[in-house]
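A quick write-up on the structure given underneath.
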Amino acid sequence: MTKKSVFMSIQQRNDQEQRRYDELHELRSKGINPYPHTFDRTHTSSAIHSHFSDEHPDILSDVSIAGRIMAIRKMGKATFATIQDQQGRIQIYVKQDELPEFYECINLLDIGDFIGVSGYVFRTRMGEISVHARQAQLLTKSLRPIPIAKEETDADGNKVVYDAFSDKELRYRKRYIDLIVNPQIRHVFEKRSLIISAMRRYFDDQGWMEVETPILQPLYGGASARPFITHHNALDFDLYLRIAIELYLKRLIVGGFEGVYEISKNFRNEGMDRTHNPEFTMMEIYVAYKDYFWMMDMVEDLFRAIADKALGKRDITIGEHVISFDQPFRKATMFDLFLEHTGMNLRGLNRAELLQAARSLNVDVANDATAMKILDEIFSQKVEHHLIQPTFVMDYPVEMSPLAKAHRSEEGLVERFELFINGYEFANCFTELNDPVDQRQRLEEQARDRAGGDEEAMVLDEDFLQAIEVGLPPTAGLGIGIDRLVMLLTGQDSIRDVLFFPTMRPEV
RNA sequence: GAUCCCGUAGCUCAGUGGUAGAGCAUCUGACUUUUAAUCAGAGGGCCGUAGGUUCGAGACCUACCGGGAUCACCA
């Protein structure tokens with residue numbers, strides 16, 4: 001019943017909804033338009049709060065505000081109401097003898113309705129800055145009740161919330177209600193916007209160009225993941241929703257752009273959990289003539305710029321850890337970190353030796369796991385959670401990175417780093433593989449794995465290989481998962497809390 | 001996909017085999033500086049769905065639907 005009531009169809013109005021329909025008709029019969037077209041607002045709630053002065057109340061002697069009624073306190077011939085706008089809340093005060101026509105309709109107003117009020121600002125006996133109404137009008141009649149949380153500050157100054165709208169399912173499915181009733185969650189999304197705009201500004205300031213490349217792709221690539229498949233009717237063939245941006249952005253570097261980036265959704269047809277949503281936002285950037293060393297410096301600078309603009313500081317506290325973006329980020333190779341956290345040198349070991357190492361470390365891996373899978377498991381079980389402060393993990397085995405350029409001095413490794421913070425990966429970068437012969441061999445290897453039953457191996461994209469053959473200049477590429485970055489910087493534990501509308505199973 | 005937990009009034013929840021409850025919200029009345037307004041009264045439920053056990057099920061059993069968490073999968 002809890003769920004049902006919110007989704008109730010129009011044929012099944014409950015008593016509260018029916019009453020609002022009745023009020024709507026009564027308002028119309030009184031000649032009141034419940035849905036006027038515009039309202040001229042002069043002030044937001046926060047502007048009034050910040051500009052009001054007890055010494056000079058006349059500064060705000062004529063203001064117009066608009067917003068949603070969140071509480072009504074009727075005192076007989078006078079009424080107080082709390083109005084919420086995007087900036088916050090402000091109280092209004094209406095007296096019957098001053099506004100008789102409006103007051104006659106005040107019983108037809110409900111929590112959830114929008115109203116516009118003009119008047120002067122004053123401070124009540126209880127000390128609350130309020131708008132004394134000279135004029136008031138209904139701006140939108142609400143037909144569906146919203147749950148109202150009440151807040152009280154107790155004797156110790158702690159904020160106590162009653163009847164919070166806290167059912168996670170309903171909050172995600174009915175985010176518009178969540179945003180009304182739990183306005184503090186707005187800050188997470190405002191920060192998300194700031195983070196993305198800070199990133200965009202940083203790139204734009206460097207002269208790199210934001211581009212758009214296909215989301216619907218005849219082949220998918222650039223990552224190891226299962227795709228979503230869709231169908232084009234007119235051309236009668238299947239298309240894939242992209243799993244990564246990489247291959248198209250590299251084509252643009254081939255085409256002569258020297259710095260391109262894209263911030264956009266990727267789609268992966270895999271499990272959902274606290275850190276995975278089927279559609280998620282990725283930023284990828286490619287800069288010509290640079291390598292992964294250069295990119296490490298850029299990423300440090302970028303993270304500081306984002307922290308400055310979105311947080312106003314360069315450190316965040318997560319649990320018992322204070323994570324600093326101000327200190328130089330640590331740089332360590334993957335195999336040095338294995339040595340540091342397992343005491344074992346895993347470099348150059350074959351599959352059987354790695355399996356033995358995993359067993360001796362109590363790392364849980366399947367007996368038929370590949371060498372790369374074993375390394376990956378040991379890393380995630382023994383190393384990752386130690387990487388609290390920003391750490392560039394460098395130089396991965398070539399088998400793990402089919403699009404990264406061979407290391408300039410280390411046999412069998414590639415020039416790649418991943419940035420770890422608080423035990424999670426936040427960025428992935430290569431010096432891009434631009435040797436067309438090597439690239440073709442690596443993707444053919446992937447294709448063989450795929451034919452051998454490895455569904456995660458990459459699909460061979462012949463056009464991409466031709467582009468690399470035409471010539472990709474030395475290039476550094478970087479990807480950052482935006483949702484997880486927002487989680488980190490806003491202290492959210494679930495990806496669903498940084499997405500307005502997380503993917504949900506459809507209602508029955 | 002696996003396991004565990006959850007689903008009772010608009011919201012938050014109590015009720016563990018015997019007449020469906022509380023607070024807030026809603027409605028009616030009183031009240032011209034209140035603020036969780038207050039005071040007095042009232043209405044509101046296919047107890048997620050469908051079977052089963054029982055004299056009797058909100059509660060116990062089974063399946064299903066939806067959600068949460070953990071795991072698996074996975075950049």
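What you see below is based on every heavy atom in this structure, not just the backbone, and it leaves out hydrogens, waters and symmetry mates. Chain A is the first sequence line, chain B the second, and so forth, proteins listed ahead of strands; every chain is numbered from 1. Since the structure is predicted, the reported quantities are computational estimates derived from the model, not experimental observations.
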Note to self: Taking the ring of A:Phe417 and the ring of A:Phe329, is the distance between their centroids below 6.0 Å?
What the structure shows: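 That pair fails the under 6.0 Å test.
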
Item checked: Test of ring centre spacing under 6.0 Å for A:Tyr292 and A:Phe430 ->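 Ring centroids of A:Tyr292 and A:Phe430 are no less than 6.0 Å from each other.
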
Return no unless some side-chain N or O of [X] is found under 4.0 Å from OP1 or OP2 of [N].
{"X": "A:Arg73", "N": "B:U34", "value": "no"}
{"X": "A:Arg19", "N": "B:C27", "value": "yes"}
{"X": "A:Lys373", "N": "B:C74", "value": "yes"}
{"X": "A:Arg274", "N": "B:A69", "value": "no"}
{"X": "A:Arg123", "N": "B:U33", "value": "no"}

Note to self: Run the side chain to side chain donor-acceptor pair (under 3.5 Å) test against A:Asp291 and tell me which residues pass, sequence neighbours left out.
What the structure shows: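 So A:Asp291 forms a side chain to side chain donor-acceptor pair (under 3.5 Å) with A:Arg408.
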
Next item on the list: Could you tell me whether the side chain of A:Val299 reaches within less than 4.5 Å of the side chain of A:Phe392, counting heavy atoms only?
Entry: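 Sidechains of A:Val299 and A:Phe392: in contact.
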
So if I take every side-chain heavy atom of [X] and compare against [options], which nucleotide ends up nearest?
{"X": "A:Lys168", "options": "B:U35, B:C73, B:A69", "value": "B:A69"}
{"X": "A:Gln16", "options": "B:C73, B:U26, B:U34", "value": "B:U26"}
{"X": "A:Ile111", "options": "B:A25, B:U35, B:G67", "value": "B:A25"}

Next item on the list: Starting from C1' on B:U32, measure out to CG on A:Leu99 and report it in whole angstrom.
Entry: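 One finds 13 Å between C1' of B:U32 and CG of A:Leu99, rounded.
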
Item checked: Residue matched to B:A42 through Watson-Crick or wobble contacts both under 3.5 angstrom ->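 Base-paired to B:U26.
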
